[in-house]
Amino acid sequence: METQILELDGPAIEANSAALSRILIDSVADGAAISFMAPVSAHEAARFWLETVRPEVEAGRRTVFGARRDGALIGTVQLLTAMPPNQPHRCEIAKMIVHPQARRLGTGRALMTRVLEHARALGKTLVTLDTRTGDVAEPLYASVGFEIAGTIPDYAFDPDGRARHATTYMYRRLEEGASA
């Protein structure tokens with residue numbers, strides 16, 4: 001079955017909040033370093049999607065894409081576009097999450113391709129992201145053209161709270177007229 005990538009507006013985030021919450025909860029439980037500590041409650045996950053993400057999407061400061069396969073939402077990525085006045089050319093990728101049971105199917109690559117296409121369509125020429133150093137997603141980001149800008153040690157706690165990990169900052173330049 002083919003993975004479909006779709007943009008999720010405010011009403012779609014609300015309609016899919018249970019699936020989005022499940023992706024978040026299960027990913028953090030599986031060790032994903034995406035700003036949450038395990039265990040993430042259903043209430044905490046729903047609040048994130050409905051009270052943090054949805055208003056930003058509706059205000060035009062963030063775009064959310066979802067990956068659907070066999071009718072189920074299996075992954076998501078966000079593009080933050082609200083930057084300071086001296087950075088209108090830049091945007092940031094955040095919360096690239098693929099459900100643990102749906103990994104290794106090309107979902108992450110499909111989400112990254114779509115989010116980079118969208119950044120280019122918005123006229124952005126620089127995209128940044130950060131990832132836990134050595135994370136399984138780091139090679140994916142490199143394979144779609146991201147370069148390492150630097151690493152910060154002891155940046156955040158792992159979701160289980162046992163250790164701190166380094167974070168690697170990455171960037172990708174988008175050339176006008178080029179494909180993602």
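- Between L126 and M83, every side-chain heavy-atom pair lies at or beyond the 4.5 Å cut-off.
- One N or O on the side chain of T76 and one on the backbone of F65 form a donor-acceptor pair closer than 3.5 Å.
- Criterion: ILVMFWY side-chain heavy atoms under 4.5 Å apart, direct or through other members. Under it, V40 and I23 are part of a common hydrophobic cluster.
- Linking Ile, Leu, Val, Met, Phe, Trp and Tyr residues whenever their side-chain heavy atoms come within less than 4.5 Å places V77 and L122 in a single cluster.
- Transitive grouping of hydrophobic side chains (ILVMFWY, heavy atoms separated by less than 4.5 Å) brings I97 and V28 into a common cluster.
- For the atom pair L80 CG and E92 CD, the distance stands at 5.0 Å (nearest 0.5 Å).
- The side-chain contact (heavy atoms from CB on, under 4.5 Å) test with F146 singles out one residue from T128, L116, T168, T131, and that residue is L116.
- Between P55 and R61, the shortest heavy-atom distance links the atoms O-NH2, 4.3 Å.
- A 6.0 Å sphere centred on CZ of R47 holds no more than 12 heavy atoms belonging to other residues, nucleotides or ligands.
- At distances below 3.5 Å, at least one donor-acceptor pair connects side-chain atoms of D135 with backbone N or O atoms of A137.
- In this structure, R62 contributes its side chain and V53 its backbone to no donor-acceptor pair below 3.5 Å.
- Counting heavy atoms from C-beta on, the side chains of M96 and L140 come closer than 4.5 Å.
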N16/R68 under side chain to side chain contact (heavy atoms under 4.5 Å, CB included): CA gap, chis, key distance, verdict: CA-CA 11 Å; N16 290 284; R68 194 174 294 282; 3.2 Å; yes
CA sep, side-chain torsions, deciding dist, call: M112, S143, side chain to side chain contact (heavy atoms under 4.5 Å, CB included): CA-CA 10 Å; M112 290 301 293; S143 76; over 6 Å; no
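- A donor-acceptor pair shorter than 3.5 Å cannot be found between the side chains of K124 and T81.
- Closest non-hydrogen pair, A102 versus I74, comes out as CB-CB, 3.7 Å.
- Going from atom CG of L20 over to atom CG of L8 covers 6.0 Å, rounded to the nearest 0.5 Å.
- In this structure a side-chain-to-backbone donor-acceptor pair under 3.5 Å is present from H165 to A156.
- Within the 3.5 Å criterion, the main-chain N or O of L6 finds no donor-acceptor partner in the side chain of R114.
- Listed here is the closest heavy atom pair of L111 and G75: CD1-C, 3.9 Å.
- Of all heavy-atom pairs between T151 and P153, the closest is O-CD, 3.9 Å.
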Worked check of side chain to side chain contact (heavy atoms under 4.5 Å, CB included) between E58 and I13: CA-CA 10 Å; E58 291 176 337; I13 290 169; over 6 Å; no
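- D26 pairs by the salt bridge (charged side-chain N to carboxylate O under 4.0 Å, His left out) definition with R22, not counting sequence neighbours.
- Under the 4.5 Å side-chain heavy-atom criterion for Ile, Leu, Val, Met, Phe, Trp and Tyr, V98 and V136 are members of distinct hydrophobic clusters.
- Rounded to the nearest 0.5 angstrom, L24 CG and S17 OG are separated by 12.0 Å.
- Identified under the ring-ring contact (aromatic ring centres under 6.0 Å, His included) test for residues 21-48, with sequence neighbours left out: F36-F48.
- To the nearest 0.5 Å, atoms CD (E56) and OG1 (T63) are separated by 11.0 Å.
- Annotation: side chain of S27 is in contact with side chain of R103 (closest heavy-atom distance under 4.5 Å).
- Taken from CD1 in I93 to CG in L79, the straight-line distance is 6.5 Å, to the nearest 0.5 Å.
- The two residues C91 and A119 come nearest to each other via the heavy atoms SG-CB, 3.7 Å.
- Taking CG from L174 and CZ from R90, the interatomic distance works out to 12.5 Å, rounded to the nearest 0.5 Å.
- You'll find the side chain of E147 reaches within 4.5 Å of the side chain of Y171, heavy atoms only.
- Scanning all heavy atoms of the two residues, the minimum distance from L50 to E14 falls at CD2-CA, 3.7 Å.
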